[in-house]
Amino acid sequence: MPKGNPDPVMPPKFVSSRFKRSDETIEELADRNIQFRLTKSVDKVVRALPDRSAWLRRVVTEAARRELMGNLEDKS
């Protein structure tokens, strides 16, 4: 028989503080992440960025808005 709390509950304050955003966007993030591989030369410079998640989110969002969403204004 398993031990511990059979019905664990995470308080909202704990949930909201688990992950700190690395950018200034306010729109809710997707439930699932997207992963992809880069070429070695691009990977090297992207990994060297101090806030690579924020940078990647910004450039992918800009490209998606420009190329896939009809040039929608930034609503982050």
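These values consider heavy atoms only, across backbone and side chains, with no hydrogens, waters or symmetry-generated copies.
- Between atom CZ of residue Arg58 and atom CG of residue Asp23 there is a gap of 10.0 Å, rounded to the nearest 0.5 Å.
- Residues passing the side-chain contact (heavy atoms from CB on, under 4.5 Å) test with Asn5 are Asp7, Pro8, sequence neighbours excluded.
- Atom CZ in Arg65 sits 13.5 Å away from atom CD in Glu67 (nearest 0.5 Å).
- Every side-chain contact (heavy atoms from CB on, under 4.5 Å) that Thr39 has, sequence neighbours left out, goes to Ser41, Val42.
- Contacts classified as side-chain hydrogen bond (donor to acceptor under 3.5 Å, both in side chains) and involving residues 46-56 (residues at least two apart or in different chains) are given here: Asp43-Arg47.
- Following chains of ILVMFWY side-chain contacts shorter than 4.5 Å, one can reach Leu49 starting from Ile34, so the two form part of one hydrophobic cluster.
- Partners of Leu68 under the side-chain contact (heavy atoms from CB on, under 4.5 Å) rule, at least two apart in sequence or in another chain, are Ala64.
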